[in-house]
Structures are given as C-alpha cells and as structure tokens.
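Heads up, the thing below is written out as structure tokens.
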Amino acid sequence: MSNKQLADIFYTIADILEIEGVNWKPVAYRKAALSISTLSGDISDYYKNGKLERIEGVGEGIGKKIIEYIKTGKVEKYEELKKKYPIDFDSLRQVRGLGPKKIFSLYKSLGIKNIDDLREAVSKHKLRELEGFGEKTEANLSNTLASVVESTEKRVPLGFMLESAENLVSELRRSGLFNKVEIAGSTRRMKETIGDLDILATSNKPEEAMRFFTKMKEVSDVLVSGPTKTSVELKFGLNCDLRVVEDESFGSAMQYFTGNKEHNIKLRRIALSKGLKLNEYGIFRGDKKVAGESEEGVYSYLGLDYMPPELREDTGEIEAAQVHQLPKLVQYEEILGDLHTHTNDSDGADSLGELVSEAKKIGLKYIAVTNHSYSLRVSKGLDDKRFEALNRRIEALNGKENFSVLKGVELEILKDGSLDLSSKTLLGMDFVIGALHQNISNDRKTNTDRLIKAIESGKLSAIAHPTDRIIGERPPINLDLDKVFEACEKNDVMLEINGYPTRSDLPFDLVKRASKYRVKFSLGSDSHRLAHLRFLRLATAIARRGWLTKKDVINTLTYEQIIKLKR
DNA sequence: GCCGTTTTCGGCCCGACTGTTTTCAGTCG
C-alpha cells in the first residue's frame, strides 16, 4: 500500500471518466491524486489522525474511496471501470503525446492495452491510418517509446545540477542576444529535486536568440520550437524550456513560470474574485493591462506581500501574504559557518588543512569538523583516542586569521540507543551530531525509542539528517517524528538540515512542521570533499522553504556564541 | 467531485505548440 499506488488509481479513474465525457470530475480526481502523491507522510496516517479531508482536493466522495483503499486494498469504482476498460493507463500515460483521448482511441481501434501493444502497432505502421493520427505522430511516438523506460520519473537532486544550470544561463547572457535571462521554475524555488529546467528571457531578436539556444553545445535534442517557447533535451540529462517574452511582461512571466502550479492557480482565483484576469502577460482589467512589468507589482496589485520564490508551494504563503504575516526568512548571507563536514581522518577526501583553507576562501567564518565515530567501520570511524589526537590538531589551528573550527563528531547512535564514544570524549567536543546509520529497518516504536534515548542522554547537540532518507535510493526510516521533535524541544537538542543533495534532510515540509515546536536548526553541507561545501547553500534553501527565520538557525550565530551553547 | 470574501449552488486557470485538419482537438505545463 502506498500513496503512489492510490494516486495512480485516482489518475486512472480521472482518465476513464474523461473518456466517458464526464465533466469536472476528472479535474477533481487529478487534483486529489496530485495532493496524495506529494504528501509527506503515509496516507493511512492521515486517516488514523482524522485528517483526510484536510488534504487539498479530498472531500467526502474521494475521502470514502481512500478509506476503502486503506481497509481493503481496493477501490470498487476503480475495479468496475477497469473491467470496462482493461487498459494500462498508468504506463501509457507516461508516453509523451498520449493523453486519455488518444489512449482510448488506440484501444478502440487497435485494441492497444499497454506499452508492448503500442510498440508493436507502431513498428507495423498501423497508427498512421487512424483518424486523428498521422505519419508524424507515429514517428514521434516511435522516438518517445525508445526512451520511455529511462525517462520516467527522472527527477534530479537540485544540488547536482544547479551549477550547470547557472553556467548555461551565463552563456546565454554572454551571447548578447538577450536583454534579460533568468532561471525560473522549481530551480528558482530551490526545490530539492527538479524534473526540468525553466529559463525565462527577453530579447529584441527572439528568432536569432532561439536559434542560438538550440545550437548550444549542451543541447542534445530539440523537442519543441516556436517563437516564444523552445524545449530541448540537455546533455546533462534534463529537459530545458526557454521562453522569450516582452520586457513589459517579464514580471508576470517570472511569476507564472516560477510556479508552483497550485500557487499560480490560487493567484488566478484571487484575480478573478477581484474582476481581474491574470496570465503570463500581466494582470488585466478588461482589455487594459494594469500590472506585469515587475513580479512585486503583480503580487501587490492582488493585495499580497511579495513572496520569495522558496515559499511558493501553496502551503499557506498566499494566506499569510494577504494579512502581512509572512516570516522574514533567514538570508543566505546570514549563514556564517558550516556545521557538518568530514576530513580524510574518516571518510572525507581532503585533509583538515585543505578543508579549512577552502572554507575560508568561500567566505565562511567557521566550520564544525564532524567525522564519523568508531562503529561506522565502512567510513573509517574514529575511536576516543584518534578523536583526542584530531582535537589537539584542531585546537592548534584555532582562532588564526579570523577563522575557527569546532571540534565535532557525527556520532553513531547504537542499536540500543547508547552512544559510540566515552562521556569524556563527548564532553571535550564543541558540536555532537547524533546519527542513525545502521540497523535502521526496525519498526516504528523501536526506531523512535532508540533515537529518543539518545536525545535524552544530554550529550547531543543535534540530530543528523533526521529522516535518513536517500533520494532515489531509500525512503525515510519509520519514525514517530512528532515524538522526536517533542523530545528535542524538551532536551534542547537541535535538528539538522543536511544540504547534501541526495539527503536534503529534514525535508522542507518537515522543517515547517518541526518549527511548531521550540527547536533550533543547524545547517550542514555534509561535505566529503572541498567542492561539497557549496551544498551549505542548499541547506539554507531548505530552511527558507521551511519558513525559518534568522533566530531559528544557529549558523547565524558567531563561533563564540555557538560554543557557549554547550550542553 | 470539490469548494466557499461569488459561500451550500454553481462555478471550476489559461495559453502555447503540434499535427491534423482547413478551423480545431489534444496535450502539456
């Protein structure tokens, strides 16, 4: 049972209802499906807590079907519809260019039920005869099918491609063909993973500019090309849309293409309720354009405070902006140091000296060196004695050239919740991050009790990457997070926001949830080599996406202030 | 089927591109 399976059921119900010509219900089912597939916790937890109808797009009817699914593993309405239309919508939907109408048309005329049937029909050139299809469509489908397997759900962690994206934009700017070029979309919102790259530009020579873009060395294929919109496939494994708009519409276009979709839809509803029309070209009263040149102008005309892109997820920011209650988010420049790094004393690639000089170079004021403790053998964890020696080396470096190093450890929390180093060693540390790395596939209570025992030890400064998820590899471990947050509040233990791209942990929605408790957050890059220090920026982005302010984040404190926080 | 400063009925975001068709339906974001 999973959120995704349930979401797929609702997507399929939506597709079938659309085929049958039913109005609006498909919209409702899709909306619910989207909400469910992007939920942070398991859907059955929402049911247990009586919060099903708090999920956006879930009302009485869909709520009943969710309960039916949780209790029986099935949704009767779905089973009925599937009997009538035995089509594998889940996989066919993934094929670019196929929507419910075309899928049904293929089924009705050729009996195509799944991807294999489709492959065969395409290879026998059967599609070109069908009404509404043609040779071009058949050829496009043939191309798409060749890559359909690897292309499904290929979201990439933001941190791994942010620099490439920024380089691409710099290259466009250097061409001299554009007036403005900016990154939009989920990259601008600093979402933890991105599915494609959106770039927005203005130009006096749009055709020439588009041609330049399609010929760039980073481009491997051109998917769509028009005067205002061009989509390409990039060699570093992402699709990229470039849109060119007029300068006078740049603000509303930035707003529109930054999203997210739900945020935009809500904005348009607000515009409608004020007798206005909002689109990517501006705000219009009748035919008269009343805003659109700047993004601030768009929000302010709708009676809203300006919202930093990181907040635009439709998780309450619009409502807060209406009553001027948006938080003043922690700024990237306010982060003075990195509180999670490794050297080659455990599993890092570089020496203490190299790490320190690189950190200084990029403008940090301090770092905590937090190597692994003894029991994490695969990472060459240090025992009490080796930490003692390392800490002497750190002390010798300290305070020189306006830079400081905190003596730290990423400490293994053992199977029974006890700690991996002696109390004496831990008391000599400036920053202790407790972590679960091993024996983590236990039940919820076992995991939660183990972590809480460590939190109550009085020896921890923070919990490292609290959910332990690895994006694309493994789901979060089974934990009662509210109990964990509560224990952190009681025992003055911080929560880490780990900016390493495949961790991004805590995730932003849980940061927001945790901040309802009186807890502080520590940011760390989890650097294992010099180039990783840049991931501190991503941890800051998650903090901002989780609505944190300067006072919530201890990396805004100076070294002297942090060591005074000692346990 | 959902939802509410349009509030328990009557709306539901909006435009670009493509391919097929010759004025538009389907798909996508």
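FYI, side chains are in, hydrogens and waters are out, and symmetry mates aren't considered; it's all heavy atoms of this structure. Each chain gets a letter, A, B and so on, in the order its sequence line appears, and its residues count up from 1.
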So do A:L234 and A:V232 actually touch side chain to side chain, heavy atoms under 4.5 Å? yes
For B:dT8 and B:dC2, measure between their C1' atoms and round to the nearest Å. 12 Å
Please confirm whether the backbone N or O of A:T467 pairs with a side-chain atom of A:D505, one donor and one acceptor, at under 3.5 Å? yes
Under 4.0 Å, counting only non-hydrogen atoms across every strand here, what does A:E135 touch: a base, just sugar-phosphate, or nothing? sugar-phosphate
So what's B:dG19 paired with, Watson-Crick or G-U wobble, going by both distances under 3.5 Å? B:dC24
On DNA chain B, nearest-nucleotide positions of A:E18 versus A:L278: which is more 5'? A:L278
Rounded to the nearest Å, what distance is computed from the CZ atom of residue A:R93 to the P atom of nucleotide B:dT27? 12 Å
Rounded interatomic separation in angstrom, taking CD from A:E262 and P from B:dC2: 17 Å
Within the 4.0 Å heavy-atom criterion, would you say A:P100 contacts the bases, only the backbone, or no part of the nucleic acid? sugar-phosphate
Taking any heavy-atom pair under 4.0 Å as a contact, classify A:Y281: base, sugar-phosphate, or nothing. sugar-phosphate
Residue pair A:R243, A:I199: steps toward the side-chain contact (heavy atoms from CB on, under 4.5 Å) verdict: CA-CA 6 Å; A:R243 329 242 176 180; A:I199 300 175; over 6 Å; no
Over how many whole Å does the gap from A:K64 atom NZ to B:dG1 atom P extend? 10 Å
OP1 or OP2 of B:dG19 under 4.0 Å from side-chain N/O of A:N140: yes
Give the rounded distance in Å between these two atoms: CZ of A:F104 and C1' of B:dT27. 18 Å
Begin from the C-alpha positions of A:E182 and A:R173 and carry the test side-chain contact (heavy atoms from CB on, under 4.5 Å) through to its verdict. CA-CA 9 Å; A:E182 294 292 340; A:R173 285 185 183 135; 3.5 Å; yes
For the C1' atoms, the ones on B:dC13 and on B:dG29, what distance do you get once it is rounded to whole angstrom? 12 Å
A:R544 side chain to A:P309 main-chain N or O, any donor-acceptor pair under 3.5 Å? no
Result for 5'-nearest mapping on DNA chain B, choosing between A:G134 and A:G61, is A:G61
Mind checking if A:S273 touches a base, just sugar-phosphate, or nothing, with heavy atoms under 4.0 Å? base
Can you tell me the distance, in whole Å, between the CZ atom of A:R30 and the P atom of B:dG26? 13 Å
Rounding to an integer number of angstrom, what distance separates B:dT23 and B:dC17 when you compare their C1' atoms? 16 Å
Between B:dT6 and B:dC14, how far apart are the P atoms? Round to whole Å, please. 15 Å
Ring centres under 6.0 Å, that's the criterion: do A:Y11 and A:F89 meet it? no
Protein-nucleotides 10-12 of chain B N/O pairs closer than 3.5 Å?
residue : atom : partner : partner atom : Å
B:dC12  : N4   : A:W24   : NE1          : 3.0

Tell me, with the steps shown, if A:R188 and A:R312 meet side-chain contact (heavy atoms from CB on, under 4.5 Å). CA-CA 10 Å; A:R188 181 164 179 244; A:R312 303 183 197 167; 3.6 Å; yes
What integer distance in Å separates A:K136:NZ from B:dC17:C1'? 12 Å
Specify the separation, in whole Å, of atom CZ of A:R243 and atom P of B:dG15. 14 Å
Counting any heavy atom closer than 4.0 Å, what does A:S225 reach on the DNA or RNA strands: base, sugar-phosphate only, or nothing? sugar-phosphate
Regarding A:E131, tell me which of base, sugar-phosphate or nothing describes its non-hydrogen contacts under 4.0 Å with the strands shown. nothing
Among B:dA16, B:dT18, B:dC14, which nucleotide has an atom closest to any side-chain atom of A:N279? B:dC14
For B:dG15 versus B:dT20, give the span between their P atoms, rounded off to a whole number of Å. 26 Å
Any side-chain N or O of A:K277 below 4.0 angstrom from OP1/OP2 of B:dG15? yes
Test ring-ring contact (aromatic ring centres under 6.0 Å, His included) applied to A:H465 - qualifying residues, sequence neighbours left out: A:H437
With a 3.5 Å cut-off and sequence neighbours excluded, list the donor-acceptor pairs that the side chains of residues 49-68 of chain A form with protein atoms.
residue : atom : partner : partner atom : Å
A:N49   : ND2  : A:D45   : O            : 3.1
A:K65   : NZ   : A:Y29   : OH           : 3.4
A:E68   : OE2  : A:E76   : N            : 2.6

Report the nucleotide, chosen from B:dC13, B:dC2, B:dC14, that has the shortest atom-to-atom distance to any side-chain atom of A:K261. B:dC13
If I take atom NZ in residue A:K102 and atom P in nucleotide B:dC24, what distance separates them, rounded to the nearest angstrom? 17 Å
For the side chain of A:Y256 and the base of B:dG29, is some donor closer than 3.5 Å to an acceptor across the two? yes
For a quick test of reading the model: is some side-chain N or O of A:T137 closer than 4.0 Å to OP1 or OP2 of B:dT20? yes
When all nucleic acid strands are considered with a 4.0 Å heavy-atom cut-off, which category describes A:K101: base, sugar-phosphate, or nothing? sugar-phosphate
Under 4.0 Å, counting only non-hydrogen atoms across every strand here, what does A:L98 touch: a base, just sugar-phosphate, or nothing? sugar-phosphate
